[in-house]
Each structure stands twice: as C-alpha cells, then as structure tokens.
Amino acid sequence: MARLDLADYLPYLLNRAGSRIAASFSQAVRIHGITLPMWRVLAALHHREGQRMSELAETTAIELSTLSRIVGTLATRELVARTRPAGDARTVTVHRTAAGRALTGQVIPLAAHYEDVALSGFSEDEAVVLKAMLRRVYANMDRLEEELDGERPGVA
C-alpha cells in the first residue's frame, strides 16, 4: 500500500488554501449582503456581461440548478436581470443591473486585496505561473471525469 502524507497531498493542499480564502472572503462580502456564490456570478458578469446560464455555470463552477436559484435571488434583489433572446424561448441571458454593477464595483477592491494577501511573497511571474498551473490542474480533472463516466452503467 502506498504511503500518503496528507500534508504533502495536492488535493488536500488546494482545498485547505481555497477553503481558508473562501471562508474569510465569505465573511467580508456578507457585509455587502451577498454570499460567495453570488459574488462569483457578479464577478463573472463583470468580466463578460450577458452570459447564458450554461456559460455562467461553467465560468463559476456552480451546478446549473443551484445557479438558477442564485440568479433568481440576485434578480429578486434587482442586482441582475434575466432576458430571453427573440426567437429562443429556451435560452436565458443574465446581465447585471445598475445596482449590480455598483455593488460589483464596491466589492472588486476587496477581492483584489484578498488576492494580494494570498499572493504576498510571490513575485509577479510566480503568481502568473501559479494561476496557469491551477487552470491546468482544473482542466486535467476532465480526464478523471471521463474515466469515471466510462465506469458508470448507462453512461456513454
């Protein structure tokens, strides 16, 4: 049996760092009346306004039914608006409202501060490399999901 040192195990290290940042940032955005998943939706729309729900789910890594509830709450609070393109009743596009843009503008400096603290001690080049590596680790997980899908009965 192979030895596993939790203190040197990549999934644990990623989760440990991400959980600590997320827990702290969640408390910080609560002051603005939003949750961390709500912030991820607003931040994704800040980066690219007018996304379809499927695009938002991919960008935010939030499951579609959960995302639908989050967007519904944001819409009720008039931070986002949902529209349907003419001739396509099945597609929903999400946009930030003026209030959503204002709130995003208030939280961006806070988000930037959290990133700065998390990356303190890293050079600019190291931060670029770290982010690229994390994107690659995330993309690598597609292979594992494909392997698991192949093992599930009834999954092609």
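- A continuous path of ILVMFWY side-chain contacts below 4.5 Å connects L148 to M141, so both sit in one hydrophobic cluster.
- Of the possible donor and acceptor atoms, none in the side chain of R82 sits under 3.5 Å from a partner among the backbone N and O of V71.
- Between R101 and T104, every side-chain heavy-atom pair lies at or beyond the 4.5 Å cut-off.
- By the 6.0 Å contact criterion, CD on E63 is enclosed, its count of non-hydrogen atoms from other residues, nucleotides or ligands being greater than 12.
- In this structure, the separation between CG on L67 and CE on M53 is 4.0 Å, given to the nearest 0.5 Å.
- Looking at heavy atoms from C-beta onward, M38 lies in side-chain contact with I70 at the 4.5 angstrom threshold.
- Sequence neighbours left out, the pairs with a member in residues 8-23 that pass side chain to side chain donor-acceptor pair (under 3.5 Å) are N15-S19.
- Here the closest non-hydrogen pair linking A28 and Y114 is CB-OH, 3.6 Å.
- Going from atom CZ of F25 over to atom OG1 of T35 covers 11.0 Å, rounded to the nearest 0.5 Å.
- The structure places CG of N140 at 11.5 Å from CD of E145, a figure rounded to the nearest 0.5 Å.
- We find the CZ-CD1 distance between R40 and I34 to be 12.0 Å, quoted to the nearest 0.5 Å.
- Here the side chain of S68 pairs no donor or acceptor atom with the backbone of L64 at under 3.5 angstrom.
- When all heavy atoms of Y138 and A61 are compared, the closest pair comes out as OH-CB, 4.1 Å.
- Looking only at distances, a side-chain donor or acceptor of T97 sits under 3.5 Å from a matching main-chain atom of E78.
- With rounding to the nearest 0.5 angstrom, the CG atom of L74 is 11.5 Å from the CZ atom of R96.
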Would you sort out whether T73 and R69 count as a side-chain contact (heavy atoms from CB on, under 4.5 Å), showing the intermediate values?
CA-CA 6 Å; T73 300; R69 286 190 300 275; 5.5 Å; no
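- Other residues, nucleotides and ligands place more than 12 heavy atoms under 6.0 Å from the NE2 atom of H95.
- Between K131 and L134 there is no side-chain heavy-atom pair separated by less than 4.5 Å.
- Rounding to the nearest 0.5 Å places CD of Q51 at 8.5 Å from OG1 of T60.
- A donor-acceptor pair under 3.5 Å is absent between the side-chain atoms of T59 and the main chain of L56, judged by distance alone.
- In this structure E58 satisfies the side-chain hydrogen bond (donor to acceptor under 3.5 Å, both in side chains) test with no other residue, sequence neighbours excluded.
- For the side-chain hydrogen bond (donor to acceptor under 3.5 Å, both in side chains) test, no residue two or more places apart in sequence or in another chain qualifies with Q27.
- Inter-residue side-chain proximity for V41 and L79 is flagged as unmet; no heavy-atom pair is nearer than 4.5 Å.
- When the shell of 6.0 Å around CD of Q106 is examined, it contains more than 12 heavy atoms from other residues, nucleotides or ligands.
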